**Q** 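Here it is: the structure, laid out below.
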Amino acid sequence: MKRALITGITGQDGPYLAQLLLHKGYKVFGTYRRVSTPNFWRLQDLGIVKQVTLIPADLSDMSSLLEAVTISDPQEIYNLAAQSFVGSSFDQPLFTTDIDASGSTRFLEIIRHLKKDIRFYQASTSELYGASSEIPQHEQTPMIPNSPYAAAKLHSFHMCRIYRHSYGIQASNGILFNHESPLRGLEFVTRKITNSVAKIKLGLQKNLPLGNLSPQRDWGYAPEYVKAMWLMMQQPKADDYIIATGETHAVSEFAQEAFAAVGLNWKDYVLSDKRLHRPLDVHQLCGSPQKAETVLGWKPKVTFNELVKIMVAADLKRWKMFLDGKAFPWDAPNHSHEMDIIARNVTKDAYREAGYKKKGLKERFF
Ligand code: NDP
Ligand code: GDP
């Protein structure tokens, strides 16, 4: 029986990947962080929480990673754990670097010293292309990160390549473009929109503040993308692959489709809030999945419109069940209102209270 270790099994991709591997007959181990409130809702949602072996570990703690690898004794490690939200990486650049850059190197070192034939999947990202103007992006497109998140992930991307060439370690980078699902975190724009659309439709929310509506993303469906991760690990030689749909849509288009799915006009509800703009954004992402198609035989099926409808339907169903008094694993009811918690909002007030009106700060915060 094959054994796999998945880091970040409590996130969006981890449970879908675990489900796929279980289906393929793997023994699946997953790392989770000890937190004051357990967050296994996604594994529970897929009904697989009892089928995976959970190991407490943190990417900042080498000894916990060593223990996770020793206990699981895997043939394949899927390193999905990350501080994965670009917005937060501007607020916590050093933490993001420790987890998203050094975290993967910790694993590569463990593999180098412990067992060189463990195959390693690194969750790389389309954000690596950041300021690149080439459309569509392919594996040779120059990588110009536009956020601390992307810079940290670029470090990991190169470390995989370097360990592959230096030590013959089977480390592959999956350069995945944005992929979404009903299990997506509520801070990401797609799920923020579909959750709000459901609440607005049911009279639980009045409007939806968003940041920059013009950036374009290549949005795919997460359950299809985890299959590509597995396919990469089955190749005779490690390599780097873009996983994308080849289509790109603006944030405004996502909002328009999501509201239309429940018969509403997005323009009646979406507000533009400058506080939700990023210090630096990525304007357009659109990936070419050609190499993945040719080498891995991987092709996306779910279209943009289908993806939006899947997510809206899931959130609407959840809020209706909630109103009917049903209990089920879920994240949204306990989620704080974003405008109450964003760091830039707090910082703005703090600066204002201190009477701080320096030009640069004024431009950013006021
Ligand atoms: P999520 O944010 O949903 O999940 C991230 C996971 O990492 C969670 O399980 C989280 O644990 C865990 N984690 C965070 N910090 C640490 C840490 N210090 N130690 C151990 N675990 C930690 O991300 P996704 O599932 O969406 O994405 C999976 C990976 O793919 C990430 O690396 C992401 O950056 C990358 N990626 C994602 C894309 C997407 O569109 N989804 C696109 C391209 C790349 P906890 O639940 O406790 O917070
Ligand atoms: P990212 O591509 O990994 O940064 O995924 P996100 O879903 O966080 O953001 C996608 C795009 O939506 C970015 O260009 C954001 O600036 C833009 N965006 C606009 N409004 C919002 C918002 O309210 N929340 C988030 N998360 N993104 C927003």
Side-chain angles (χ1 to χ4, degrees), residues 6-17 30-35 37-43 55-61 64-65 68 78-90 95-96 98-100 102-104 106 121-128 130 146-147 149-150 152-153 156 173-181 183-193 196 208-222 225-226 229 242-244 250-252 254-255 270-273 275-285 287 331 338-339 342:
I6 302 173
T7 70
I9 200 156
T10 54
Q12 172 189 246
D13 292 358
Y16 285 127
L17 177 63
T31 70
Y32 74 99
R33 296 191 287 178
R34 195 215 73 89
V35 281
T37 310
N39 62 348
F40 299 120
W41 75 271
R42 294 179 172 100
L43 289 164
I55 305 171
D58 194 299
L59 254 63
S60 65
D61 186 312
S64 71
L65 302 183
Y78 294 85
N79 185 30
L80 308 186
Q83 190 305 90
S84 69
F85 187 46
V86 171
S88 292
S89 79
F90 284 98
F95 172 73
T96 303
D98 190 25
I99 305 310
D100 297 6
S102 304
S104 56
R106 292 185 183 107
Y121 173 89
Q122 170 58 19
S124 284
T125 163
S126 52
E127 291 287 321
L128 300 183
N146 251 3
S147 66
Y149 166 77
K153 285 280 189 176
S156 285
N173 283 291
I175 309 168
L176 271 56
F177 281 58
N178 297 51
H179 46 281
E180 320 294 313
S181 74
L183 301 187
R184 186 60 144 150
L186 283 160
E187 67 274 42
F188 295 91
V189 78
T190 53
R191 178 88 196 292
K192 178 179 169 180
I193 292 172
S196 297
L208 168 59
L210 289 176
N212 193 349
L213 296 172
S214 61
Q216 293 175 280
R217 291 290 181 273
D218 179 333
W219 279 299
Y221 185 43
Y225 281 42
V226 298
M229 298 175 185
I242 280 181
I243 302 299
V251 173
S252 56
F254 195 102
V270 171
L271 308 175
S272 168
D273 194 314
R275 288 172 296 175
L276 293 166
H277 283 236
R278 290 179 181 163
L280 189 62
D281 214 329
V282 172
H283 178 59
Q284 188 182 33
L285 292 174
D331 55 347
E338 189 181 20
M339 301 316 290
I342 60 169

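Computed from a predicted model, the values in this text were never measured in an experiment. Atoms within a ligand are numbered from 1 in the order they appear, just like the ligands themselves. All heavy atoms count here, side chains included; hydrogens, waters and symmetry mates do not.
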**Q** In the protein, what heavy atom is nearest to atom 41 (N) of ligand 1, and what distance, to one decimal place, separates them?
**A**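 Checking every protein heavy atom, the shortest distance to atom 41 (N) of ligand 1 gives Arg184 NH1, 3.0 Å.
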**Q** Determine, considering heavy atoms only, which of Glu127, Lys153, His179 sits nearest to atom 42 (C) of ligand 1.
**A** His179
**Q** Which residue holds the protein heavy atom closest to atom 18 (N) of ligand 1, what is that atom called, and what is the gap in Å?
**A**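 Answer for atom 18 (N) of ligand 1: Asp58 OD1, 2.9 Å.
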**Q** Determine whether the side chain, the backbone, both or neither of Thr10 has a heavy atom under 4.0 Å from any heavy atom of ligand 1.
**A** both
**Q** Apply the test side-chain contact (heavy atoms from CB on, under 4.5 Å) to residues Ile99 and Ser60: give CA-CA distance (whole Å), side-chain angles for both, the deciding distance (0.1 Å), then the verdict.
**A** CA-CA 6 Å; Ile99 305 310; Ser60 65; 3.8 Å; yes
**Q** Would you mind checking which non-hydrogen protein atom is closest to atom 3 (O) of ligand 1, with the distance to 0.1 Å?
**A** Gln12 N, 2.9 Å
**Q** Yes or no: does Tyr149 have any heavy atom under 4.0 Å from an atom of ligand 1?
**A**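 In this structure, Tyr149 qualifies as a contact of ligand 1 - some heavy atom is under 4.0 Å.
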**Q** Atom 30 (O) of ligand 1: which protein heavy atom is closest, and how many Å away?
**A** Ala123 CB, 3.4 Å
**Q** For ligand 1, is any non-hydrogen atom under 4.0 Å from Ser124's backbone (N, CA, C, O), its side chain (CB onward), both, or neither?
**A**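 Backbone only; the side chain of Ser124 stays clear of ligand 1.
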**Q** Heavy-atom contact under 4.0 Å between Asn178 and ligand 1?
**A** yes
**Q** So, is Gly211 polar-close to ligand 2, with some N/O to N/O distance under 3.5 Å?
**A**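 Indeed, backbone or side chain, Gly211 has an N or O that close.
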**Q** Backbone, side chain, both or neither: what part of Ile99 comes under 4.0 angstrom of ligand 1, heavy atoms only?
**A**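 Answer for Ile99: side chain.
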**Q** As a quick check of understanding, evaluate side-chain contact (heavy atoms from CB on, under 4.5 Å) for Val226 and His179, giving each step before the final call.
**A** CA-CA 10 Å; Val226 298; His179 46 281; over 6 Å; no
**Q** Is it true that Thr96 and Ser89 share a donor-acceptor pair across their side chains at a distance under 3.5 Å?
**A**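 Not at all, the side chains of Ser89 and Thr96 share no donor-acceptor pair under 3.5 Å.
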**Q** Return the option from Asp281, Leu280, Asn212, Leu210 holding the heavy atom at the smallest distance from atom 15 (C) of ligand 2.
**A** Asp281
